[in-house]
2 protein chains.
Amino acid sequence: MKTIKTNLANLAIVLHKPRYPENIGAAARCALNMGISKIMAVSPANPDREKMLKMATHEAAGLIENMEIYDNLAAALAPFQYIVGTTARLGRHRQALETPRELAGCIVDLSQNNRVALLFGPENTGLSNEDLKYCHIVTTIPTANFASLNLAQAVMIVCYELLMARMEAPSQDRFTPHLATSAELEGMYADLREALLTIGFLKSEEQEYGLNQVRAFLSRVKLLSRETQLMRGLCRQLKWFKKNS
Amino acid sequence: MKTIKTNLANLAIVLHKPRYPENIGAAARCALNMGISKIMAVSPANPDREKMLKMATHEAAGLIENMEIYDNLAAALAPFQYIVGTTARLGRHRQALETPRELAGCIVDLSQNNRVALLFGPENTGLSNEDLKYCHIVTTIPTANFASLNLAQAVMIVCYELLMARMEAPSQDRFTPHLATSAELEGMYADLREALLTIGFLKSEEQEYGLNQVRAFLSRVKLLSRETQLMRGLCRQLKWFKKNS
């Protein structure tokens, strides 16, 4: 086995609306098994630390003790620069899905100087289309016919693929850009919505659909912080132009 | 994603002395997620089917209902022709260990016309050296510093790698020999022990150590059924020779 040279300090598991504290604890154990030491929860249905700690085992107790809990997905994701969503479902209007193995190398590279969130949805429903809007990319774990994975098992496979990618291709000298944070992107999208409504490119009754079309391709671009500033300047200019035309 | 052409009907998960029925149920769910539909248990500490079924979920209930329970590892493994042990520990006198990813293609190929057991040890101790004697090969799941995987998580990763291998390289037309069963091998080793003691190659006080040395290399040979017969004939010949010399 090769030595692992990269570090995963920029990676965090984000569990959105997990129903069972046992799954949070089990996910923390999996994360630590694979070298990831940060876990966050958004609106957990039952934030029973005792039940979490029992499944986390003594070694991963620190992840639970340091776990940040949010009541809002946007706030939890705000500091992250790359957000990977996981889904079992292949709904309409979804981005093309890649496997964790296909993405792992890219995620490890990006995580060298970007904060990356690995986002998992609730046990019963998975991530909604609304949740997936925050994601730069969406991945699906391959399964046989019975596709419903336990939450912690899904966390394990994604973390395991990242560990394998680190072992196979340490690439800390490859160029990886500093991306815009989720907060910067959401600020940009808010300006964009306003500007596109102002100039009548978005109709108010269909603004969600129209903006999601724009988000769908912009999320794939891996925008830099200064590029979100550029876009926001463009939005201000559009509004100025409208007002003065 | 590619279509999966191979089948995993010859593969079974064998849990040796599992302590918690919840882990048996969770392992069954993982196995089915990845297309493996047979699970066996040897001397489970708590064979509470209700607790197993709860973790297995409705879909994997059939694996629990059809689960064979043995009180003896040799008997459980007897019909298998290739036995893959899993271990987290790197003790002395252990065979060189490969990762599940390195082995997956070979296991899928062999499973096309051989019964293959994927053997997992108890949660607290893992497989003992005595248990590993039955294994043709031993694999270790890569981890970061905290190497203690939950049992069902270990089952998941091995099964997941087999599914990935099936997706990446369906190879049902590759030649895969019919191997001797574990029962045939154990019969051969019993004859071999007796013959080697008879001729004084094994000293009675060190017979276990000496025989294990022989097992260590013979287990890597992938012996065919008729080759075990050949060896047993050779053993009879040795005893005859000793008696008549």
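Bear in mind that the values here come from a model prediction, so they are computed numbers and not experimental data.
- Judged as a side chain to side chain donor-acceptor pair (under 3.5 Å), the pairs with a partner in residues 22-39 of chain A (not counting sequence neighbours) are, in order, A:Asn23-A:Glu123, A:Asn23-A:Asn150, A:Arg29-B:Ser148, A:Lys38-A:Glu68.
- The number of heavy atoms from other shown groups lying within 6.0 Å of NZ (A:Lys133) is above 12.
- Taken from CD in B:Glu161 to CZ in A:Arg101, the straight-line distance is 4.5 Å, to the nearest 0.5 Å.
- Looking at B:Leu32, both its backbone and its side chain come within 4.5 Å of chain A, counting heavy atoms on both sides.
- To the nearest 0.5 angstrom, B:Thr143 atom OG1 is 6.0 Å from A:Met34 atom CE.
- Of all the listed residues (A:Ala60, A:Ala26, A:Ala152), the one sharing the greatest number of non-hydrogen pairs under 4.5 Å with chain B is A:Ala152.
- Heavy atoms from other residues, nucleotides or ligands lying under 6.0 Å from CG of B:Asp71 number 12 at most.
- Between A:Pro142 and B:Met164, the shortest heavy-atom contact is CG-SD, 3.7 Å.
- Considering only heavy atoms from C-beta on, B:Asn145 stays 4.5 Å or farther from A:Glu59 through its side chain.
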